[in-house]
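Let me begin by presenting the structure, written as structure tokens, before commenting on it.
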Amino acid sequence: MDGAERLRSGPAAAVRDPRLFEEFYRRHVDAVMRFVARRVDDPHTAADLTAEIFLAVLDSAHSYRPRLGSETAWLYGIARNVVSSERRRVAREAERDLRFSGRRLLEADDIARIEDRLDAESPGRRALAALASLPEGEKAVMEMIAVDQLTVTEAAAALGIRQVTARVRLHRARKALREEADVKAPENDPDPAAPPARPVSPPGARSPDPSLLHVARGGARA
């Protein structure tokens, strides 16, 4: 945990004081925007979700426990719920236009700034896509640790699960990614002396993102 965070007013104090909340917001808005930008690719959606995450802080501030992880890790747990809720909402919409109703207009500079952030986080979106084949629980733990750079302890707290559960899911996720990588290795690195072979994988199959393979084989911070 960032030691400096312990010296600042936490979420509970921030929601009671507009000045402290503004300080809290400025302290974390970039990290929250990066989290969102790893999961969406539209600047309006990114702006709306970031705002919703900080609104959700008002209702969830009492749940923050410093001993379980940093403010950032706690915010990531809230952010993940907000992003998941948005995805479910969009899936239920009958008309695409409803997705844009009621949105505040963004200035051109705002859009350009968010688009720059979206571009910067595109590797994170590719990494998340590489986890798509994992079961939901294992994927959630892996994305928090491999993509969002939380410790196992912080990932468990963010997801509301026990540390031992997080470690088991992380182990299973790594094992699945290693096995998938091993299966695809021969077709991605054929014997140069052998005649060209037809692809084994069906069209559109996705190989694990190379940036995740070292995580699948490596350790994680406690």
Side-chain angles (χ1 to χ4, degrees), residues 1-40 45-92 102 104 117 121 124-125 127-128 131 134-173 220-222:
M1 183 191 308
D2 182 0
E5 287 188 352
R6 294 182 180 276
L7 304 178
R8 304 183 181 115
S9 298
V15 299
R16 296 193 296 268
D17 185 323
R19 180 183 60 81
L20 292 179
F21 189 81
E22 181 179 357
E23 176 187 301
F24 179 87
Y25 174 85
R26 292 182 183 280
R27 188 158 76 239
H28 295 294
V29 65
D30 284 345
V32 170
M33 178 63 77
R34 288 195 299 270
F35 181 98
V36 173
R38 288 191 285 268
R39 289 158 173 83
V40 304
T45 301
D48 286 351
L49 290 177
T50 299
E52 287 181 31
I53 289 163
F54 282 98
L55 286 175
V57 167
L58 299 175
D59 295 326
S60 305
H62 66 280
S63 69
Y64 174 58
R65 299 292 183 271
R67 63 182 176 80
L68 296 179
S70 65
E71 290 177 352
T72 300
W74 174 76
L75 276 169
Y76 281 0
I78 294 175
R80 191 172 190 280
N81 289 335
V82 170
V83 173
S84 296
S85 294
E86 170 66 5
R87 286 173 175 165
R88 290 192 295 270
R89 186 189 71 81
V90 170
R92 290 194 299 266
R104 68 183 181 88
R117 179 58 53 79
E121 297 300 334
R125 292 196 298 276
L128 288 171
L131 301 177
L134 295 175
E136 182 57 34
E138 295 166 18
K139 180 173 66 174
V141 171
M142 194 67 174
E143 73 178 50
M144 286 289 189
I145 293 172
V147 180
D148 297 312
Q149 298 296 298
L150 297 186
T151 65
V152 174
T153 300
E154 290 174 335
L159 296 171
I161 59 179
R162 295 185 301 163
Q163 288 186 41
V164 65
T165 302
R167 292 185 184 281
V168 169
R169 291 180 181 178
L170 179 63
H171 172 75
R172 290 175 177 169
R221 297 175 296 155

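Only this structure's heavy atoms are used, side chains among them; waters, hydrogens and symmetry mates stay out.
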Exercise. Return the orientation label for the Phe24 and Phe54 ring planes: parallel under 30°, perpendicular over 60°, tilted otherwise.
Key: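 Plane angle over 60°, so perpendicular.
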Quiz item: Do Glu71 and Arg27 pass the salt bridge (charged side-chain N to carboxylate O under 4.0 Å, His left out) test, and can you show the C-alpha distance, the side-chain angles, and the key distance before you say yes or no?
Solution: CA-CA 10 Å; Glu71 290 177 352; Arg27 188 158 76 239; 3.0 Å; yes
Quiz item: So which of Val57, Ile53, Thr72 actually passes side-chain contact (heavy atoms from CB on, under 4.5 Å) with His28?
Solution: Thr72
Nearest non-hydrogen partners of [X] and [Y], listed with the distance:
| X | Y | answer |
| --- | --- | --- |
| Val152 | Ala166 | CG1-CB, 4.1 Å |
| Glu143 | Leu128 | CB-CD2, 3.4 Å |
| Tyr64 | Gly69 | OH-O, 3.3 Å |
| Ile145 | Ala155 | CG1-CB, 3.9 Å |

Exercise. Taking side-chain contact (heavy atoms from CB on, under 4.5 Å) as the test, write out the residues that go with Ser60, two or more places apart.
Key: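 Ser60 satisfies side-chain contact (heavy atoms from CB on, under 4.5 Å) with Ser63, Trp74, Ile78 once adjacent residues are dropped.
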Practice problem: Under the side-chain contact (heavy atoms from CB on, under 4.5 Å) rule, collect the residues that match up with Leu55, sequence neighbours excluded. | Solution: Leu58
Does the side chain of [Y] come within less than 4.5 Å of [X]'s, by heavy atoms?
| X | Y | result |
| --- | --- | --- |
| Asp48 | Thr45 | no |
| Glu138 | Met142 | no |
| Leu159 | Arg80 | yes |

Quiz item: Is it true that the NZ or CZ of Arg39 lies under 6.0 Å from the centre of Phe35's six-membered ring and within 45 degrees of the ring axis?
Solution: yes
Could you measure the distance from the [atom1] atom of [X] to the [atom2] atom of [Y]? Nearest 0.5 Å is fine.
| X | Y | atom1 | atom2 | value |
| --- | --- | --- | --- | --- |
| Leu20 | Glu22 | CG | CD | 10.0 Å |
| Asp148 | Arg38 | CG | CZ | 4.5 Å |
| Glu86 | Asn81 | CD | CG | 13.5 Å |
| Leu68 | Thr153 | CG | OG1 | 8.5 Å |

Practice problem: Quick one: list whatever passes ring pair (Phe, Tyr, Trp, His ring centres under 6.0 Å) with Phe21, sequence neighbours left out. | Solution: none
Quiz item: Regarding Ser84 and Arg87, is there a side-chain donor-to-acceptor distance under 3.5 Å anywhere?
Solution: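 No - no donor-acceptor pair under 3.5 Å links their side chains.
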Exercise. Return yes if some donor-acceptor pair links the side-chain N/O of Asp17 with the main-chain N/O of Arg19 below 3.5 Å, else return no.
Key: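 Yes; at least one donor-acceptor contact below 3.5 Å.
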Quiz item: Going through the distances and angles, do Thr151 and Glu154 end up as a side-chain contact (heavy atoms from CB on, under 4.5 Å)?
Solution: CA-CA 5 Å; Thr151 65; Glu154 290 174 335; 3.2 Å; yes
Exercise. Please determine if Lys139 and Glu136 form a salt bridge, counting it only when a charged side-chain N lies under 4.0 Å from a carboxylate O.
Key: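 Judged by the 4.0 Å cut-off on N to carboxylate O distance, Lys139 and Glu136 do form a salt bridge.
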